[in-house]
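Working notes, beginning with the structure itself.
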Amino acid sequence: LMIRKVTLENFKSYSGKKILGTFSHRMNGILGPNGSGKSNVLDAFLFVFAKKARKIRMNRVAELVHHSSSSQPDSAKVTVDFQEIVDMPDDDPVGYRVVEGSEFRISRRAGKDNSSTYYINDRQATMANVTHALRQHGIDLTHNRFLILQGEVEQIAAMKPKAPNDHDEGFL
Amino acid sequence: LMIRKVTLENFKSYSGKKILGTFSHRMNGILGPNGSGKSNVLDAFLFVFAKKARKIRMNRVAELVHHSSSSQPDSAKVTVDFQEIVDMPDDDPVGYRVVEGSEFRISRRAGKDNSSTYYINDRQATMANVTHALRQHGIDLTHNRFLILQGEVEQIAAMKPKAPNDHDEGFL
Amino acid sequence: RRTTFEAGFDVIAKKLTEMYQMITLGGDARLEPVVPNDPFEKGVNLSIRPHEKPWKPIQHLSGGEKTLSSLALVFALHHYKPTPIYFMDEIDAALDESNVTRIAEYVKMQARSAQFLVISLRNNCFEKVDRMVGICKRQGCSHALTVDARELGATVDDDIDMPP
Amino acid sequence: RRTTFEAGFDVIAKKLTEMYQMITLGGDARLEPVVPNDPFEKGVNLSIRPHEKPWKPIQHLSGGEKTLSSLALVFALHHYKPTPIYFMDEIDAALDESNVTRIAEYVKMQARSAQFLVISLRNNCFEKVDRMVGICKRQGCSHALTVDARELGATVDDDIDMPP
Ligand SMILES: Nc1ncnc2c1ncn2[C@@H]1O[C@H](COP(=O)(O)OP(=O)(O)OP(=O)(O)O)[C@@H](O)[C@H]1O
Ligand SMILES: Nc1ncnc2c1ncn2[C@@H]1O[C@H](COP(=O)(O)OP(=O)(O)OP(=O)(O)O)[C@@H](O)[C@H]1O
Ligand SMILES: [Mg+2]
Ligand SMILES: [Mg+2]
């Protein structure tokens, strides 16, 4: 499974519609000055992955909608395009082949009224549908070990033995 | 007031007697690879300034004594040499002049038995003597705003309004 | 359940030691149950023996050493139970220049079996990536530009569909 | 006591705004009592308006923006009530390259009125220092070498007494 691209619409510091990608199936870097919006890109993924607002550094979903002196939209939307791939040998120019028909997309819209709507392939879905679909494709959202947020990396190895359990026992 | 040099004897990762300095009266940089002993230099100053072991990242003073496969001394000692100076104009090669007779030194020894002894100008003194002497020279150890430990800087501006009070009210 | 856990635990512990040795070139790490041979009793503890130093509990390490230990654990866990995608935000903040390069190399190696999205402020990290997304902010609004590392200057636009 | 506090508070608040504007070239910061005009009631709050963005409580800022806000406060407090010596350990960990340079410049300016001992892993920081202490570790033991920035290669030994 890989993420092909992500589309941010009025999400946090991203005004209007902004597309990031097409990503590499391997190592992608996000760079820019302090405060430019890098961590907000990670927040966009967390948002689509149905994480609570608190984990996205906001108290309420309404705060995720872009606001600036030039623009006050009513809602924010993030769309992630996924595809399953097969790795090709190193001499292949692209490096992978997309599995026929495996592309799918997950979206989530948040309103200034704190409402939240999910979509799978542009059709409305529940949060449970989304977490299930992601789990089918290998993304288990119950643990967080695929996600290292800013400032968290030093604590991973320092986690207390028994709790929190995510560390080791939770996922075995 | 300026620190002229600091002498570490069997303190944390410093085996034997190591002298750091003579320092500049202005901006000094401490550099080196991860784990080489940079933060341990700050711990050495905290140690002499009578801070608790917990603040020096250790549970007990005995843990501050250097230990390695090649060396297990019985005690650690840190000595800081201070002097009062007068700034000279920019064209002066040195940049400052030492106030006659203003040099003084503060030391602290810690034993593997958790004992702790202070010295002012190499004569034994109490912890209260030391904090008093430092306060006389302008170093007030009751607040910590002259000290930013590793990982702390982001929290300074984020301190809760009323408590902890150090932030603003405590020192006015 | 206990036997499955202990089997998995052994694999991870072994892999962690291997990863940490590779990353630190001479350091050593041990994942051990708090109660010997019984990870379920009181959980597990990570001890580290950084290069040429005595064994220490993780609290006694420097910031950079903790970061390297954490990443060795993340890579060891990936070996045991891979995830397809990883998101990492400034994992190299506490690393010296040579460790930034070294960790970026390791991520690049791990990226043969998973997709990585890595945020960093350190130039040595960007030397290793296959594709870069540059972010800037003007008048309070963020803008993004995706560029392929091999074809610097060739922006990647999804609708232009090049290179994929 | 209240009037002394409020007078001091006004000086610091004004200086904080000035420092933050200088450090961020266009950003703005306000130190305000939680209860208007009464800092004693519920303490004080720091709000930041980063360059070209709306006012925000500090929790909503990025890591780098928080660091810059903290340092603006430290410099403002120094202006109001100077301390002779400052110790700073990796204050630039969360800063991009240009902010590392900028903050190092500000420390250099502040160092005209206080002695600074600064630990950093960022090369741009060391371009500004007057004197450097290099630390390395061999066989588990740390060694230090003090070097004057103007006379790179000329080590500074206390007993050799050069340059002071
Ligand atoms: N709803 C919103 N509308 C407009 N701007 C927002 C919104 N939410 C957050 N921001 C802005 O996004 C900025 C933070 O972005 P982000 O955390 O992604 O920065 P960053 O690039 O990760 O920076 P750093 O390198 O310092 O970590 C803040 O300045 C904040 O003002
Ligand atoms: N009593 C001791 N005896 C020997 N070594 C010690 C002792 N106490 C601490 N150390 C060692 O000192 C090292 C940590 O040093 P320090 O925290 O100063 O590193 P650092 O240079 O600040 O690294 P970083 O850049 O990662 O923050 C650890 O590896 C630890 O093993
Ligand atoms: Mg960030
Ligand atoms: Mg350190």
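Computed over heavy atoms, backbone and side chain alike; hydrogens, waters and symmetry mates excluded. Naming: A, B, ... by sequence-line order, numbering from 1 per chain.
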- Query: Side chain, backbone, both or neither: which part of D87(B) has a non-hydrogen atom closer than 4.5 Å to chain D?
  - Reply: side chain
- Would D74(B) and K112(B) pass as an ion pair if we require N to O under 4.0 Å? no
- Output all residues satisfying side chain to side chain contact (heavy atoms under 4.5 Å, CB included) with V129(D), sequence neighbours left out; order by chain, then residue number. M27(B), F126(D), M132(D)
- Message: Suppose a student defines contact as a heavy atom less than 4.5 Å from any heavy atom of chain B. Which residues in residues 86-93 of chain D would they list?
- Response: Y86(D), F87(D), M88(D), D89(D), E90(D), I91(D)
- Message: Among V118(D), V74(D), L121(D), L71(D), which residue has the highest count of heavy-atom pairs closer than 4.5 Å to chain B?
- Response: V118(D)
- Side chain, backbone, both or neither: which part of K18(B) has a heavy atom under 4.5 Å from chain D? side chain
- Message: Between N10(B) and chain D, with a heavy-atom cut-off of 4.5 Å, which part of the residue counts as in contact: side chain, backbone, both or neither?
- Response: neither
- Considering only heavy atoms, which portion of I3(B) lies under 4.5 Å from any heavy atom of chain D: side chain, backbone, both, or neither? both
- Query: With only heavy atoms counted, which part of L117(D) is less than 4.5 Å from chain B, the side chain, the backbone, both or neither?
  - Reply: both
- Message: Less than 4.5 Å to any heavy atom of chain B: does that hold for the side chain of A114(D), its backbone, both, or neither?
- Response: backbone
- Message: So for V41(B), is it side chain, backbone, both, or neither that comes closer than 4.5 Å to the heavy atoms of chain D?
- Response: side chain
- Task: Tell me, for H66(B) versus chain D, whether the close heavy atoms (under 4.5 Å) come from the side chain, the backbone, both or neither.
- Result: side chain
- Query: Any donor and acceptor pair, going by atom type alone, linking the side chain of S70(D) with main-chain N or O of A157(B) inside 3.5 Å?
  - Reply: yes
- For E9(B), check side chain to side chain contact (heavy atoms under 4.5 Å, CB included) against everything at least two apart and list the hits. T7(B), K17(B), K77(B)
- Answer yes when E105(D) and K108(D) have at least one side-chain N-carboxylate O distance shorter than 4.0 Å, and no when they do not. no
- Answer with side chain, backbone, both or neither: which region of T67(D) has an atom nearer than 4.5 Å to a non-hydrogen atom of chain B? both
- Item | Heavy-atom pair of closest approach, residues N40(B) and S13(B) | ND2-OG, 2.8 Å
- Query: Listed by chain and number, what are the side chain to side chain contact (heavy atoms under 4.5 Å, CB included) partners of H79(D), not counting sequence neighbours?
  - Reply: V11(D), K15(D)
- Message: Between F11(B) and chain D, with a heavy-atom cut-off of 4.5 Å, which part of the residue counts as in contact: side chain, backbone, both or neither?
- Response: neither
- Query: Under a 4.5 Å heavy-atom cut-off, does chain B meet the side chain of R112(D), its backbone, both or neither?
  - Reply: both
- Message: I need the single residue from L95(D), N99(D), V100(D) that forms a side-chain contact (heavy atoms from CB on, under 4.5 Å) with N124(D). Which is it?
- Response: V100(D)
- Message: For the backbone of S24(B) and the side chain of Q115(D), can you confirm whether one donor and one acceptor N or O come within less than 3.5 Å of each other?
- Response: yes
